[in-house]
Amino acid sequence: MKSILLLLTVMLLVFGFSHEIKAQHVGIGTTVPERLLEIEGAGSQYARIRTTSGFVGEAGIEFVRGTAASGSRDWSIVNDGGVLKFLASSDNFGTRYEVLRVSSAGLVGIGTNVPNSTLHIDGGEEASAMGDGYAILGSKSLHNLVIDPNEVVARYDGGGSTLFLQPQGGDLYLQQAGGISFMTDASGYVSVNAQINPAKFNVRDAGFQMHLRNPEGTDNDWYIGASEPGWVIGDDQLVFSPSTGSGNAILRLRNTPDNTGTLAPVRIVSSASQALLIDGNEIDSEFGPLYINHNSDNNTYINTSGGKVGIGTTSPTAPVHIVAPPVGADAISFEQDNQLWSLIPFLATDNLGFKFNGSIMASVDGNSGQWIAVSDRRLKEHIIPMDDVLDRLHELELSRYTFTHDASGTASLGAMAQQVAQLFPELVSEESQGLGMSYAQLSLIALKGLQEQSEQIAVLRARLAALSQQ
């Protein structure tokens with residue numbers, strides 16, 4: 001009591017305020033105090049409690065209800081060595097415990113006496129629909145947010161609620177410094193700008209819905225989006241583009257069941273004039289030819305398990321079945337070093353024609369199987385009679401032999417190309433594995449020999465007739 005009277009006396013001397021004690025109310029600067037102690041005055045007003053012990057000891061104020069034995073909750077605020085503490089007690093401060101403190105550095109600690117940040121909260125329970133975590137924002141009976149050291153839970157009156165992050169715009173960063181971010185659980189949904197959740201992950205936007213970037217070296221950007229009618233490429237496509245322009249999309253997936261040559265479930269674009277169309281069993285080039293192993297010398301295998309290949313037909317009857325295009329077009333061609341051989345069906349005669357560098361050379365008769373060589377005089381020039389061949393035919397040696405590569409030793413009849421080259425060089429040609437010879441042309445030489453013999457016989461007959469008349 002002496003301390004209170006001393007405090008009042010000092011304050012009266014310092015401020016010069018009048019006071020009146022009425023019904024145990026003390027007023028400083030007022031004659032009608034409404035509280036046990038009321039200070040009133042113009043400007044700033046302060047009440048001070050000081051300990052002269054310097055940095056040792058406490059200076060504080062206590063708020064006590066009831067008697068010492070009532071067990072009611074009492075509070076005190078103290079300055080303990082420069083640390084502001086809020087203390088609670090139930091036994092008239094015989095014992096007390098700390099609820100909140102503000103360190104000498106201005107750090108606030110709740111549930112900890114060693115705060116490490118501007119606000120440091122320790123102690124609480126797990127945040128959940130019923131667990132109140134370490135902190136609650138909002139009313140428990142309405143929308144509220146519960147936080148614990150590793151969870152943020154939005155609730156409404158004991159149940160789950162929607163958690164909005166940056167709903168008014170601005171950037172949102174998750175794990176900007178690295179690490180792994182887990183969103184939702186095994187039964188939840190993740191939605192970005194979507195009001196409905198038909199799938200576990202939902203993104204909705206009028207432009208590209210996703211942007212992927214690898215910043216290593218030169219930034220590598222990819223944009224993924226579900227198109228709408230306003231896009232350059234049109235509606236109902238899933239596109240993958242290296243830029244924000246849908247017309248630059250490299251891969252496009254379309255909701256269509258078949259490849260029509262113009263539309264397909266999969267469209268791969270490499271340039272404005274190159275696009276590949278794919279469905280479950282068809283591959284087409286939308287512009288120009290379709291190439292396989294165009295820029296490499298790797299092998300190309302088709303139906304290695306024994307299936308049939310149809311070219312121009314969907315019902316092949318052989319390992320390779322080619323149906324020629326319209327009349328006059330080649331069915332198959334072979335080319336090397338600008339030398340082109342082609343096969344062409346002649347529908348009018350049922351023959352198979354052989355062309356060399358665009359000119360018909362021969363054909364096979366489709367009925368008899370005979371070899372038919374081209375012999376039209378209109379296709380020939382520098383025509384001169386053949387020299388006599390009979391004497392050279394007498395020198396030609398015909399032999400019986402077997403080929404060295406024929407393990408069966410099958411006998412053949414013919415001539416030796418080296419000797420034929422000396423007698424009839426037109427019949428012999430140089431092939432990759434040795435000399436070759438045209439037996440078809442040898443038959444013409446034999447026919448020429450028969451003509452010469454026929455002329456000789458005619459002369460001999462005339463002479464014999466003359467001798468008979470004599």
Side-chain angles (χ1 to χ4, degrees), residues 58 60-65 71-91 93-204:
E58 296 179 353
I61 186 171
E62 296 179 347
F63 305 90
V64 181
R65 298 174 64 249
S72 60
R73 175 61 56 87
D74 300 325
W75 294 91
S76 67
I77 303 174
V78 301
N79 179 350
D80 183 1
V83 177
L84 179 64
K85 298 179 180 180
F86 288 75
L87 306 174
S89 175
S90 297
D91 57 359
F93 297 102
T95 57
R96 62 185 186 178
Y97 63 91
E98 182 178 320
V99 176
L100 181 149
R101 79 162 49 189
V102 180
S103 71
S104 59
L107 306 180
V108 178
I110 300 176
T112 176
N113 56 15
V114 187
N116 295 314
S117 63
T118 302
L119 175 62
H120 185 169
I121 302 175
D122 194 7
E125 59 183 344
E126 182 181 2
S128 65
M130 302 303 297
D132 294 331
Y134 283 43
I136 300 177
L137 299 178
S139 170
K140 284 191 64 174
S141 62
L142 298 173
H143 286 289
N144 62 96
L145 191 71
V146 186
I147 303 173
D148 70 15
N150 66 348
E151 292 176 290
V152 177
V153 179
R155 306 185 305 184
Y156 182 84
D157 194 19
S161 183
T162 302
L163 176 63
F164 296 91
L165 299 176
Q166 292 287 56
Q168 305 303 319
D171 297 332
L172 174 64
Y173 293 91
L174 297 176
Q175 294 287 8
Q176 185 182 20
I180 300 175
S181 296
F182 295 95
M183 303 177 68
T184 192
D185 57 20
S187 60
Y189 296 92
V190 177
S191 295
V192 179
N193 199 29
Q195 299 298 319
I196 57 175
N197 301 310
K200 295 299 183 183
F201 184 73
N202 306 274
V203 182
R204 182 178 180 180

Between P115 and R101 the two heavy atoms that sit nearest each other are CD-CD, 4.0 Å

Closest non-hydrogen atoms of T112 and E98, given as atom of the first, atom of the second and distance, are O-OE2, 4.1 Å

* Does D91 offer a backbone N or O that forms a donor-acceptor pair with the side chain of D74 under 3.5 Å? -> no

Here the gap from W75 atom CH2 to F93 atom CZ, rounded to the nearest 0.5 Å, amounts to 9.5 Å

- Item | Sidechain-backbone polar pair: D148 side chain, Y134 backbone, donor-acceptor under 3.5 Å | no

Value for OG1 (T118) from CG (L107), rounded to nearest 0.5 Å, stands at 6.0 Å

The single option from N79, D80, N113 that satisfies side chain to side chain donor-acceptor pair (under 3.5 Å) with K85 is D80

Residues Y156 and H143: closest non-hydrogen pair is CD1-N, 3.4 Å

inquiry  = Tell me whether the count of non-hydrogen atoms from other residues, nucleotides or ligands lying under 6.0 Å of OH in Y173 goes above 12.
reply    = no

Closest non-hydrogen atoms of G94 and S89, given as atom of the first, atom of the second and distance, are N-OG, 4.2 Å

Point to revise | Pair K140 + D132: basic N to acidic O under 4.0 Å | key: yes

Looking only at heavy atoms, the pair that brings S90 and R73 closest together is OG-NE, 3.9 Å

Separation between CG (L145) and CD1 (I136), nearest 0.5 Å, reads 10.0 Å

Nearest heavy-atom approach of S103 to V83 is CA-CG1, 4.3 Å

Here the gap from I77 atom CD1 to I61 atom CD1, rounded to the nearest 0.5 Å, amounts to 7.0 Å

